[in-house]
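Each remark here refers to the structure printed beneath this line.
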Amino acid sequence: MTDLSVRSAGCPSLAAAAVTVLNPNLFWFREMGGERKGAEAGRAKGKGQRKDRSSSGPVGRSRKPQRNEGEATEKKERSEKAPKKAPQSELSDNETGDFVRVLGQVTVKAEPEDDDFVMDKRKKGRKRKREEESAEGPSCSTSKLKKQKKVKEEDDEVERNADQKAEKRRSKEKKPESSKGRKTKEEAEAARMMKIKLKEEEEKQRWRWWEEEKYEDGIKWKTLEHKGPYFPPDYLPLPDNVNFYYNGKAVKLSPAAEEVALFFAQMLDHEYTTKEVFRNNFFKDWRKEMTVEERMLITDLDQCDFGELFRMHKEKVEARRNMSKEEKQLMKEANQKIVEEYGYCTLDHHRERIGNFKIEPPGLFRGRGDHPKQGMLKRRIQPEDVIINCSKDSRIPEPPAGHKWKEVRHDNTVTWLASWTENIQGSFKYVMLNANSKLKGEKDWEKYEVARRLKSCVDPIRAQYQQDLKSKQMGIRQRAVALYFIDKLALRAGNEKEEGETADTVGCCSLRVEHITLHPHLDGDDNVVEFDFLGKDCIRYYNKVPVSKRVFKNVKLFMDNKHEGDDLFDRLNTSMLNKYLTSLMPGLTAKVFRTYNASITLQDQLKKLSNSSDNQAEKLLSYNRANRAVAVLCNHQRAPPKTFDQSMANLQSKIDSRKEQLSLAKAELKQAKKEAKANSDSKLQALVEKKKKVVQRYEEQLLRLEIQATDREENKQIALGTSKLNYLDPRISVAWCRNMEVPLEKIYNKTQRDKFAWAIDMTELDFEF
DNA sequence: CGTCATACTTAGTAACCATGAG
DNA sequence: CTCATGGTTACTAAGTATGACG
């Protein structure tokens, strides 16, 4: 508790941070080690004495991941250059400060009377009264009471929506601007009108599932019909004039071996093919595909010459690029046909788009980071591998001619239409619906509702883990510290992974001692915990966080007598943690904290950063900054765009020339002033004024450019998309847009609007997360 | 409990495409 | 018209979570 209050005190909060983004001097971002690498970053060479499940024993858990050796240098540089002294701490401190503030502000008053909350719950409640009443969280019992309170009229909402839509339509119809064009212009216009019509049509067709009753527990659908997955085309053997050479001699490979050779050849310009592990895995699997004779002959990958195959592939790519418009159009139409046929299913009498209806084609496995299995052959999936799921009375999909399905089942407690087992990790792959479908949308909605429930009971939960830091039981203390990290830093849960099967990455519960460095004092802060590990997708997480003394001591204690490779939390795993969390609030798991903290941060930031008096560009900037604050919190990174340096340089040269202009203008101004002083001619005075204006204008332009540069620089490695799509309650954004009178299209593109249709439709102006 | 199987969300990259400056 | 640039979409890997079972 003490800790919480301390943290809440006087934090400038993320708002400041988001603003700071513009100021290079206050660069506070976590050092980003760059993607997919762990660099020196304390990877254990160690023989783990951690709970090694595999028989592989304590032997070489040589944990040295890293990929992108090629980029590694650059990245290393980046991470080293990153401003170490910047108060990393600010981020975390601020966040928590914010959280606390929000709680103080909202939970207290919100509990009984928050209309919006009631509203939302009510809708849901109405839909599935039964389950809700029995299932919903007793530990947050207040919300239950709330739910039953008053019920607002819904009619006006519907009306409003209708209005809005009409409005939209009208404005769209107006759009086709003044017709000064001739044929082509008119045609274009007609096309545009068509598009609008289509859009309206689509809107009318939209299944407003969120207005319907929910199904009882576990039932995902009543009827489901589809055409089965779409299989990639069969392998087409190489033409005779393209040869593979071994040891300088042309060798005609069997189709199976040839296909795999081509997989490799196609990747020759990719860094993967230079990696030892990749090459070895590939070669091993390739040899399995060879005939006995081939295997006898081909024993050394270095003797293989894929040059002609590679060139052929390049030419094909080139040819595709150079296709004429008509050809391209034809291709597009052919594709469209496939989508029409296989890309949709009928679920409970509604046509729904399937997300991934294509069976993954064979190829070489491209694991991320330092993946032990990279380069292995991902084999071709046959209908005999595929399980079909659909309703009994539907038209069962036909397997491709001459084939059979592995199985056809009718399980309406799951959402997948087809599944198969993949041969690299032995895991399942599923064909499921698109994000704009009912099944996905409902789940998404639910996710945010759970996060909102957490909001109403996060206080006691935080208080409890603060208490638990003092527990006599080691397990409980570990749980408390882990929870503290998950809450404060938005770390992922960290399930354990099978060793040797995947790259060595960790989350909270699977942190090892080498991922943490303790600094009693660092850069003016006390009790600093330094994190350095590879998270999901081998993205580096690097952060220095001042923590309370108690947390610090605990971490120290957990690290006592442990070595590299040992688990920091040896008495804790994700299922224990989640079991505990669920007991505090139904539906609560570790990842809910990420959702909750992300969304609440966005809401807070928007409140702080945006003014309705701003112009649209400014508003959008605020939005993006709020979004960015979340992306930073969640450590969402991307590889810098390939052209990044170039475009940055371009911008810089623009800035430079502007600077020159400015100094020139300044000099002129000075000169003019001098002259004006000597001679008080009114003309000269006016000239001074004019020059002044010019200088001012240049200064403004320069500033803007510099802001743009900084902005871009800071977005270099930050990906905003992931948080927007997965962590931010869309209703926050929708309400913000309406309140700020910013068109929603500025924030969400078409796909996103489709995905969030439910939120766009139901969100009230006064929505509060 | 720990392990395994299963299902579903989250994630970054690469290919593709539209657009606007030169 | 061409090319650079940036947004969008497709793809699939890599996570989280849960429930059955011994």
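Naming: A, B, ... by sequence-line order, numbering from 1 per chain. Just so you know, these numbers come straight off a predicted model, no measurement behind them.
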Nearest-0.5 Å distance, OG of residue A/Ser419 to CD1 of residue A/Ile388: 8.5 Å
How many angstroms lie between atom OH of A/Tyr484 and atom CG of A/Leu489, to the nearest 0.5 angstrom? 7.5 Å
Could you tell me how far apart [X] ([atom1]) and [N] ([atom2]) are, to the nearest whole angstrom?
{"X": "A/Leu720", "N": "C/dG7", "atom1": "CG", "atom2": "P", "result": "10 Å"}
{"X": "A/Arg540", "N": "B/dG12", "atom1": "CZ", "atom2": "P", "result": "16 Å"}
{"X": "A/Glu498", "N": "C/dA14", "atom1": "CD", "atom2": "P", "result": "15 Å"}
{"X": "A/Lys591", "N": "C/dA14", "atom1": "NZ", "atom2": "P", "result": "19 Å"}
{"X": "A/Gln266", "N": "B/dA14", "atom1": "CD", "atom2": "P", "result": "15 Å"}
{"X": "A/Ile387", "N": "B/dT6", "atom1": "CD1", "atom2": "P", "result": "8 Å"}
{"X": "A/His371", "N": "C/dA13", "atom1": "NE2", "atom2": "C1'", "result": "9 Å"}
{"X": "A/Arg368", "N": "C/dG15", "atom1": "CZ", "atom2": "P", "result": "9 Å"}

Is the phosphate of [N] approached by [X] (side-chain N or O, under 4.0 Å from OP1 or OP2)?
{"X": "A/Tyr430", "N": "B/dT9", "result": "no"}
{"X": "A/Lys440", "N": "B/dT9", "result": "yes"}
{"X": "A/Arg492", "N": "C/dA17", "result": "no"}
{"X": "A/Lys497", "N": "C/dG15", "result": "yes"}
{"X": "A/Thr722", "N": "B/dG12", "result": "yes"}
{"X": "A/Asn578", "N": "C/dA17", "result": "yes"}
{"X": "A/Lys220", "N": "B/dC8", "result": "yes"}
{"X": "A/Thr415", "N": "B/dC8", "result": "yes"}
{"X": "A/Lys750", "N": "C/dG7", "result": "no"}
{"X": "A/Thr589", "N": "C/dA17", "result": "yes"}
{"X": "A/Lys443", "N": "B/dC8", "result": "no"}

Any donor-acceptor pair, under 3.5 Å, between the side chain of A/Lys536 and the base of B/dT10, if you only look at N and O atoms?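 Answer is yes: a donor-acceptor pair is held.
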Nearest to the side chain of [X], which nucleotide is it out of [options]?
{"X": "A/Arg353", "options": "B/dC8, C/dA10, B/dT10", "result": "C/dA10"}
{"X": "A/Pro361", "options": "C/dC11, C/dT12, B/dA11", "result": "C/dT12"}
{"X": "A/Ala590", "options": "C/dA17, B/dG12, C/dC11", "result": "C/dA17"}
{"X": "A/Arg366", "options": "B/dA7, B/dA14, C/dA14", "result": "B/dA14"}
{"X": "A/His270", "options": "B/dG12, C/dA17, B/dA14", "result": "B/dA14"}
{"X": "A/Val414", "options": "B/dA7, C/dG15, B/dG12", "result": "B/dA7"}

Mapping A/Ser419 and A/Lys755 onto DNA chain B by nearest heavy atom, which one lands closer to the 5' end?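 The residue closer to the strand's 5' end, by nearest nucleotide, is A/Ser419.
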Toward the 5' end of DNA chain B, by each residue's nearest nucleotide, A/Thr595 or A/Met576: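 The residue mapped nearer the 5' terminus is A/Met576.
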Ring centre gap for [X] and [Y] strictly below 6.0 Å:
{"X": "A/Phe531", "Y": "A/Tyr542", "answer": "no"}
{"X": "A/His636", "Y": "A/Tyr727", "answer": "yes"}
{"X": "A/His371", "Y": "A/Phe365", "answer": "yes"}
{"X": "A/Tyr272", "Y": "A/Phe278", "answer": "yes"}

Chi angles and distances behind the salt bridge (Lys or Arg N to Asp or Glu O under 4.0 Å) call for A/Arg409, A/Asp411: CA-CA 6 Å; A/Arg409 65 171 75 157; A/Asp411 182 354; 5.1 Å; no
Are A/Asn412 and A/Tyr215 linked by a side-chain donor-acceptor pair shorter than 3.5 Å?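 No, A/Tyr215 and A/Asn412 have no side-chain donor paired with an acceptor closer than 3.5 Å.
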With distance as the sole criterion, is a donor-acceptor pair present between the side chains of A/Glu745 and A/Asn749 under 3.5 Å?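 No, A/Asn749 and A/Glu745 have no side-chain donor paired with an acceptor closer than 3.5 Å.
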For [X], report the nucleic acid contact type (base, sugar-phosphate, nothing); a contact means any heavy atom under 4.0 Å.
{"X": "A/Asn726", "result": "sugar-phosphate"}
{"X": "A/Lys579", "result": "nothing"}
{"X": "A/Gly721", "result": "nothing"}
{"X": "A/Met432", "result": "base"}

For DNA chain C, which residues of residues 421-429 of chain A approach it to below 4.0 angstrom with any heavy atom? A/Gln425, A/Lys429
Could you give me the CA-CA distance, side-chain angles and deciding distance for A/Tyr580 and A/Arg479, then say whether side chain to side chain contact (heavy atoms under 4.5 Å, CB included) is met? CA-CA 9 Å; A/Tyr580 168 70; A/Arg479 189 181 70 197; 3.2 Å; yes
Could you go through nucleotides 16-22 of chain B and list every protein N or O atom that sits under 3.5 Å from one of its N or O atoms, giving the distance for each pair?
{"unit_1": "B/dC16", "atom_1": "OP1", "unit_2": "A/Arg320", "atom_2": "NH1", "d": "3.0"}

Charged N to carboxylate O below 4.0 Å: is that the case for A/Lys447 and A/Glu442?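 Salt bridge flag = no for A/Glu442 with A/Lys447.
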Is a donor on one side and an acceptor on the other found under 3.5 Å between the side chain of A/Lys220 and the backbone of A/Thr413? yes
Starting from the 5' end of DNA chain C, give me the residue, A/Asn356 or A/Thr502, whose nearest nucleotide shows up first.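 Taking each residue's closest nucleotide, the earlier one in sequence belongs to A/Asn356.
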